[in-house]
Amino acid sequence: MPEYTLRIRRYSPESGEAAHWDDFEIDLDGHRSVLDGILQAKDRQDGSIGIRCSCRAAICGSCGVRINGKPNLACHMHLDKACEDAPDGVIVVEPMGNMPVLKDLIVDMDAVHWKKMRRVTPWLLPDGDPPEREYIVAPESMIDITQTMACIQCGACVSDCLSMEVDPLFIGPAALAKAYRFVGDPRDGQHEERLRDLAEDPHGIYDCTHCFNCIEACPKGVAPMSQIMRLRRIASADHGIEDRNNGYRHEHAFVKNIEKNGLLHEADLLPDSYGGKFHPRAVPELVTSLPVILRALQRGKVTPAGALLHKHKASKEVKRIFRDVHDREERYELNLYVVGEEEDDNPPSMHADAAGSQLPAERSPNQ
Amino acid sequence: MPVHDVLIIGAGLAGQRAALAAARAGATVAIMSKVHPVRSHSNAAAGGINAALNPDDSWESHAFDTVKGSDYLGDQDAIEIMCREAPNEVLWLEHAGVTFHRSAEGKLGTRAFGGASAARTYYIADITGQALLHVLYEQLMKHHEQIDRYEEWFITGLAQDDEGNCVGAIARNIRDGAMELFTAKSTILASGGAGQCFKPTTNALICTGDGIAQAYRIGAPLMDMEMIQYHPTTLQGNGILITEGARGEGAHLYNAEGERFMEKYAPNKMELASRDVVSRAEQTEINEGRGFPDGTVALDITKVPRKRTLEALREIVNIGRDFAGVDITREPIRIRPGCHYIMGGVKADINGATSIPGLYAAGEVACVSVHGGNRLGANSLLDTLIFGRRSGEHAAARAAGMPAITASRAQVRDQEREIADLMNRSGGRRVSEIRDELGTMMNEKVAVFRDHAGLTEAHEVVRRLKDEARFATIDDRGTVFNQDVLGALELGYMLDVAECIVVGALERRESRGAQFRTDFPKRNDDEWLKHIDLSMNGGDAPKVSYSPVTITKWEPQERTY
């Protein structure tokens, strides 16, 4: 039987000692999970190792940890793969980030994850009394929100959310994905109220910085960031919600900027996000940004000529992409359950020519 | 000392449904679980929930399928209630927000399932249990003012007053080790099954029979304990479940010689015969040398159109990839029968009431008995919800007419002392060793095929392990998340449950449903059309008695598929 070494981060609040690392030798087949390894160490060597676990099959969401620095479920990572990824062959297991550690690999999900979950009013709010039988809804709508129902609340996305690291109040990927479960549910009667609430909150949907960490972290293909982007599109395009955080205007300024220039013209982006250089909203914003601009000039990150005289213009190809997207009757939405996988033998024809399916595999939000 | 009208132990589907029903009836409610509610094992019910909701289906047809599936051991009054109330329950779930998949017209959609004469299984891809559990938890969060949640509290015992009424429970806060007495006018056990008595099993690590043993220890009889369901499609080695939905969507079973062997065992229903029938067929193929060398047969899901698999069986695509290294859309996957569900449990009536006043039981912990000798696929979710709701309603009604109750804290001190003793032991076997020996032995001697010699040996082993467990040792001496202590307590529960399973199986000298005795291979209605009840008998083996099976409409017939 092959041998693996697990290096587990230990912390016991009762011991009065700082966190430290303990190594455990285990012998298990490589296709067994890191959780199996931890449980073997716990059974044979040290029963005090703390880890939440239950189903062993990636459906209960208990065993979220970081393996070799990356969030995952311990039951969802094979030992041989984890060993391969480890720089010196020692599999490093530590608790998830962005949440306080209670003991060893156990974090306080109540204090962070579940608190944020409750923030998005996580229950259906239908209009009026229910019908005598079921609500009649489009079959695609239920398959669509199955992607967010697939969330098992493991916290892997919360663990590595970069925005939350900077802004602990950010509602975060898991709770916003949950919000989409209601906004995408045709039976819910509060779509606009929910979206307005999440758009106006300075820690809401516009607080996400598109880092893709949550998409990479999610063991269930929920793609939280994609759900956040869908909330934005529905808020702006369908409900015209112009939020006080300027998220809506910034996004539109960004799109226009690219459509015109092909490459981002940064000097225009900031004022345009506030309605143009001379708009009353833009002036104080530009003034407060001056120190940043000056520092950037000082360090040579930008030159006045480069910033102000943006020479690049959008190519024909860029213009064609914009035209294609504008001309589409329906907005193209990526969804794991609806479009299947990238290498699908027979992709549904309605999506066959969509720009999204041309994405290289590693950039696809569903991978 | 927290005081409530209704205390619910366990927060899977049965517990959460009971909590919502009791709160709706006006009771003050506490729901308590050793894990966060969404970690409960209800998650694992992948395929769906049965209800005769289509106008061309009938509850009688559903009930007959269930009776036949149970090999006539199910109580027909309870089965009638379950099947009659199923359609409204599914509609209640839909209105609460469950994202059931739809037909082309936007109505609730169905899929076929084993042992059923109509497609009446409602589903959400292959995450039905998970979707239901998470939607009910949404409702628990919504009703937080009426329902107090105690998440990550471990029950160490049920509390009784001097008259023998159940008046709540003693629990340990897993976060800090503090012990607390929770008093309640009615207590509902909804703590799930006991699959961990077997190794491997499809069951989660938390399914250690806690509630079954706790009720047994205060004198509640257990019923049908010998009836352990082996699921036909589990992964070799780790026991991970492949949903029956795969066969419902059209997957076939083959032996190593490429034969679709179900033709021999169930020529009409083929792969969609009852689970006991399919599991026995597979085990026969394997035992007679027509399986693969690793003791498996093949499940071929490539028969299902790929798009449909990706949409409706997504979870097992992941399981195949992650836990067996197989792309199920392109090649067959090796499977075998594995321990999955316990039909037996705490004997309860159609309102969930047990023989202990004030104690109710619902879901897998209970035996009503709607599943009898064999549970049909997609009837377990239904059981948890129907009898969870009924227990909640009746527990609340009982509490409404009652004066305040008193309970003594002496029981808390007893259990604190017991845990202190446990932490201070040294020199015995490790708890994990005893647990592994128990599970491996049970899976060998008390599995699909059983006989007197094997069961007698199994009983001897369980008795020895019980003795050893009294001196078993653990490492963790702390109070914060001391999972080692919980593991030792769980082992005690598992051993009590395992003994009852073995004694029930020894007692039933016939073959019915999941119990197949190679020394008594025929069903024997003259002598054994009855339930076996088991009661605690001091430190000795459980006391055996019998109770009649309730028959309303359907007289026992020969059972073929």
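Each chain gets a letter, A, B and so on, in the order its sequence line appears, and its residues count up from 1. This one's a predicted model, so the numbers in the text were calculated from it and none came from an experiment.
Of all the heavy atoms in B:Phe481 and A:Lys103, the pair that sits closest is O-NZ, 3.1 Å. The minimum heavy-atom distance linking A:Arg187 with B:Val98 is given by the pair NH1-O, 2.9 Å. Contact detail for B:Asp475 and A:Gly47: the closest heavy-atom pair is OD2-N, 2.5 Å. A pairwise comparison of heavy atoms in B:Glu138 and A:Leu124 identifies OE1-N, 4.5 Å as the closest pair. The nearest pair of heavy atoms linking B:Thr99 to A:Ile145 is CG2-CD1, 3.4 Å.
Across A:Gly61, A:Pro126, A:Cys55, the residue that shares the most heavy-atom pairs under 4.5 angstrom with chain B is A:Gly61. Each of A:Arg181, A:Glu132, A:Arg118 has some count of heavy-atom pairs under 4.5 Å with chain B, and the biggest count is that of A:Arg181. When each of B:Ala204, B:Gly487, B:Pro87, B:Gly237 is scored by its heavy-atom pairs under 4.5 Å with chain A, the top score falls to B:Ala204. Taking chain B as the reference chain and counting heavy-atom pairs below 4.5 Å, the highest number among A:Ala138, A:Cys151, A:Ser15, A:Cys154 is found for A:Cys151. Counting heavy-atom pairs under 4.5 Å between each of A:Gln45, A:Met117, A:Arg44, A:Lys81 and chain B puts A:Arg44 at the top. Contact count versus chain A (heavy atoms, under 4.5 Å) is highest, among B:Glu151, B:Arg435, B:Glu433, B:Arg477, for B:Arg435. Most heavy-atom pairs under 4.5 Å with chain B, from the set A:Ala58, A:Gly50, A:Pro131, A:Ser33: that is A:Pro131. In terms of non-hydrogen atom pairs under 4.5 Å with chain A, the most contact-rich of B:Leu53, B:Val485, B:Asn238 is B:Leu53.
We find that B:Arg149 and A:Asp110 are not joined by a salt bridge, their nearest charged nitrogen and carboxylate oxygen being 4.0 Å or further apart. Under a 4.0 Å N-O distance rule, the pair A:Lys220/B:Glu315 qualifies as a salt bridge. Salt bridge absent: B:Arg102 and A:Glu134 never bring a charged side-chain N and a carboxylate O closer than 4.0 Å.
B:Val480 touches chain A through backbone and side chain together, each having a heavy atom under 4.5 Å away. At a 4.5 Å heavy-atom cutoff, the contact between B:Thr202 and chain A is made by backbone atoms alone. Contacts between A:Asp185 and chain B at a heavy-atom distance below 4.5 Å involve the side chain alone, from C-beta outward. Neither the backbone nor the side chain of B:Ala324 comes within contact range of chain A; no heavy atoms are under 4.5 Å apart. Both the backbone and the side chain of B:Glu94 come within less than 4.5 Å of a heavy atom in chain A. With a 4.5 Å cut-off on non-hydrogen atoms, B:Ala46 does not touch chain A at all. Both the backbone and the side chain of B:Leu108 have a heavy atom closer than 4.5 Å to some heavy atom of chain A. Interface residue B:Ser103: only backbone heavy atoms are found under 4.5 Å from chain A. Heavy-atom distances place no part of A:Asp188 under 4.5 Å from chain B, backbone and side chain included. If you measure heavy-atom distances from A:Pro13 to chain B, the contacts under 4.5 Å come from the side chain alone. With a threshold of 4.5 angstrom between heavy atoms, A:Met109 approaches chain B through side-chain atoms but not through N, CA, C or O. If you measure heavy-atom distances from B:Asn203 to chain A, the contacts under 4.5 Å come from the backbone alone.
In this structure a side-chain-to-backbone donor-acceptor pair under 3.5 Å is present from B:Arg430 to A:Asp43. Checked by atom type and distance alone, the side chain of B:His101 never pairs as donor or acceptor with a backbone atom of A:Pro139 at under 3.5 Å. No side-chain donor-acceptor contact under 3.5 Å links B:Lys142 to the backbone of A:Trp123.
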Take A:Gln153 and B:His134 through the side chain to side chain contact (heavy atoms under 4.5 Å, CB included) test and state the conclusion after the steps. CA-CA 9 Å; A:Gln153 313 291 347; B:His134 284 246; 3.5 Å; yes
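Ring pair A:Tyr135/B:His95: centre-to-centre distance below 6.0 Å.
To the nearest 0.5 angstrom, A:Asp104 atom CG is 8.5 Å from B:Gln483 atom CD. Rounding to the nearest 0.5 Å places CG of B:Asp176 at 9.5 Å from CD of A:Glu14. A:Ile59 contributes atom CD1, which lies 11.5 Å from atom CG of B:Asn318 (distance to the nearest 0.5 angstrom). Remark: B:Asp322 CG to A:His76 NE2 distance equals 3.5 Å, nearest 0.5 Å. Rounding to the nearest 0.5 Å places OG of A:Ser54 at 3.5 Å from CD1 of B:Ile206. Note that CZ of B:Arg39 and SG of A:Cys53 are 12.0 Å apart. Values are rounded to the nearest 0.5 Å.
Within the 4.5 Å cutoff, the side chain of A:Arg52 has no heavy atoms near those of the B:His36 side chain. No side-chain heavy atom of B:Val38 sits less than 4.5 Å from a side-chain heavy atom of A:Ile152.
Note on ring orientation: taking the six-membered ring where Trp is involved, the planes of B:Tyr137 and A:Trp114 are perpendicular (angle over 60°, cut-offs 30° and 60°).
Open room surrounds CG on A:Asp129; 12 or fewer heavy atoms of other groups in view lie less than 6.0 Å from it.
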